[in-house]
Structures are given as structure tokens and as C-alpha cells.
Visitor: 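Take a look at the following structure, please.
When a residue number appears, it is its place in the shown sequence, counting from 1. As a basis for the values below, the full set of heavy atoms in this structure was taken, side chains included, without hydrogen atoms, waters or symmetry mates.
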Amino acid sequence: MKLKLVRTYLPGGTNGVLQLDGLALCHTIELPWKENKPGISCIPEGEYQLVRRYSKKFGGHLLVKGVVNRRLILVHPANNAMKELRGCIAPVSTLTGAGKGTQSRVVFLKLVKLVYKAIDRKETILLHVTSTRQSK
């Protein structure tokens, strides 16, 4: 399974659209781009593998593997990137501003169900991160 995240960079946060086979699955929110600095920046554009992960804090969620100079980049619920994310990606239903959205948990659960089914079929899950413009 290959997911595509198409971002729009804004000073107060990064908004995106997560797609599968050219169809939008949901919106996403992330921190603004700040040169991949841990804890304050979204991750660089590129291709990453998503794998299943569990923690007490988030329960079942997704780990983004292979992010240069970063660790524990996750896909998990959040509605405000600046308050709730430290480099991770949060799916949301509706965008309400730069790095802000609504109904993250509902959308997250649907996304995880879809991805976990593919993982159970032994599929590799790839996330291709790109943007609506050539440079950040």
C-alpha cells in the first residue's frame, strides 16, 4: 500500500491531504517546517515505511520509520499541532487553521483500521511525503 501526503506549508503549521490511489482519505496536520529540528519541525519530504506500534499513551498507532535524525515519529490523533505534536503526523476530518483540525480520533481510527488490514495481509506500507510547491 502506498499512501501519499501532499502538504501545504504555513507559518503556524503544516496542513496536508492524505491520499490512497489518488483519492483523499483525510486531511493531516503537522508542525511547521523548521529544517527538521526535533520537537519543533515536521519531518522532511521523502518516502517512509509505516509500521504498527503500541504504547500506553496512544494505544495502537503507526510509526514512521527511517526519518533522518529523528526518532519516534508517529501517526496519532491530535487536533492542534503546536500543542499536541512534536514532529508527528495527525489525521483530521476538517482543517480549521494552520496546523489545526477537528475529529482527529475518529479519522485516526478509520486510518489505522485500513492500514492494519494491509499489514495483516503482509503488505509493506509506504508513505510518500511531498508538497504543493517545489521548495519549502
Visitor: Check Glu47, His128, Glu123, Gln19 against Lys2 for a side-chain hydrogen bond (donor to acceptor under 3.5 Å, both in side chains) and give me the one that passes.
Guide: Glu47
Visitor: Among Leu111, Val107, Val92, which residue meets the side-chain contact (heavy atoms from CB on, under 4.5 Å) test with Leu18?
Guide: Leu111
Visitor: Would Leu74 end up clustered with Val106 when hydrophobic side chains under 4.5 Å apart are linked, directly or stepwise?
Guide: no
Visitor: What are the two closest non-hydrogen atoms of Gly87 and Ile43, and how far apart are they?
Guide: O-CG2, 3.8 Å
Visitor: For the CD atom of Gln103 and the NE2 atom of His27, what is their distance to the nearest 0.5 Å?
Guide: 11.5 Å
Visitor: Does atom CZ of Arg70 have more than 12 heavy-atom neighbours from other groups under 6.0 Å away?
Guide: yes
Visitor: Quick one: are Asn69 and Pro38 in side-chain contact, heavy atoms under 4.5 Å?
Guide: no
Visitor: Transitively linked via ILVMFWY side-chain contacts under 4.5 Å: Leu10 with Leu95?
Guide: no
Visitor: Heavy atoms only: give me the nearest Ala81-Ile29 pair and the separation to one decimal.
Guide: N-CD1, 3.7 Å
Visitor: In terms of hydrophobic clusters joined by side-chain contacts under 4.5 Å, are Met1 and Val51 together?
Guide: no
Visitor: Same cluster or not: are Leu20 and Tyr48 linked, directly or through other Ile, Leu, Val, Met, Phe, Trp or Tyr residues, by side-chain heavy atoms under 4.5 angstrom apart?
Guide: yes
Visitor: If you measure from OG1 on Thr28 to CD1 on Ile89, what distance do you get to the nearest 0.5 Å?
Guide: 7.0 Å
Visitor: Begin from the C-alpha positions of Arg7 and Cys42 and carry the test side chain to side chain contact (heavy atoms under 4.5 Å, CB included) through to its verdict.
Guide: CA-CA 10 Å; Arg7 291 172 165 164; Cys42 59; 3.7 Å; yes
Visitor: Give a yes or no answer on whether the side chain of Asn15 reaches the backbone of Gly99 with a donor-acceptor pair at less than 3.5 Å.
Guide: yes
Visitor: Find the distance between CD1 (Ile73) and CG (Asn36) and round it off to the nearest 0.5 Å.
Guide: 7.5 Å
Visitor: Please list, one pair per line, the donor and acceptor atoms closer than 3.5 Å that link side chains of residues 55-63 to other protein atoms, with sequence neighbours excluded.
Guide:
from  : atom 1 : to    : atom 2 : distance (Å)
Ser55 : OG     : Phe58 : N      : 3.1
His61 : ND1    : Gly59 : O      : 2.8
His61 : NE2    : Arg53 : NH1    : 3.0

Visitor: Considering residues, nucleotides and ligands other than Met82, do more than 12 of their heavy atoms fall under 6.0 Å from its CE?
Guide: no
Visitor: Please test Lys113 against Leu109 for side chain to side chain contact (heavy atoms under 4.5 Å, CB included), starting from the C-alpha separation and ending with a verdict.
Guide: CA-CA 6 Å; Lys113 184 177 180 180; Leu109 292 173; over 6 Å; no
Visitor: Output the distance between atom CD1 (Ile119) and atom CG (Leu114), rounded to the nearest 0.5 Å.
Guide: 10.0 Å
Visitor: Could you report the tightest heavy-atom contact between Val6 and Lys4, atom names first, then the distance?
Guide: CG2-CE, 3.8 Å
Visitor: Kindly give the heavy-atom pair with the smallest separation between Ile40 and Leu31, and that separation in Å.
Guide: C-CD1, 3.6 Å
Visitor: For a quick test of reading the model, state the closest non-hydrogen atom pair linking Ser131 to Glu45 and the distance between them.
Guide: OG-OE2, 2.9 Å
Visitor: So do the side chains of Pro44 and Val67 get within less than 4.5 Å of each other, counting heavy atoms only?
Guide: yes
Visitor: Would a 4.5 Å heavy-atom cut-off, applied to side chains only, mark Asp120 and Arg52 as touching?
Guide: yes
Visitor: For the residue pair Ala78 and Ser104, what are the closest heavy atoms and their distance?
Guide: N-OG, 2.8 Å
Visitor: Measure the spacing between CZ of Arg121 and OG1 of Thr124 and express it to the nearest 0.5 Å.
Guide: 12.0 Å
Visitor: Are Val17 and Val129 grouped together when hydrophobic residues (ILVMFWY) are joined by side-chain heavy atoms under 4.5 angstrom apart?
Guide: no
Visitor: Report the C-alpha distance between Val64 and Leu50 in whole Å, list the side-chain angles of each, state the deciding distance to 0.1 Å, and finish with yes or no for side chain to side chain contact (heavy atoms under 4.5 Å, CB included).
Guide: CA-CA 5 Å; Val64 182; Leu50 298 179; 3.6 Å; yes
Visitor: Could you tell me the separation between the CG atom of Leu5 and the OG1 atom of Thr14, rounded to the nearest 0.5 Å?
Guide: 9.5 Å
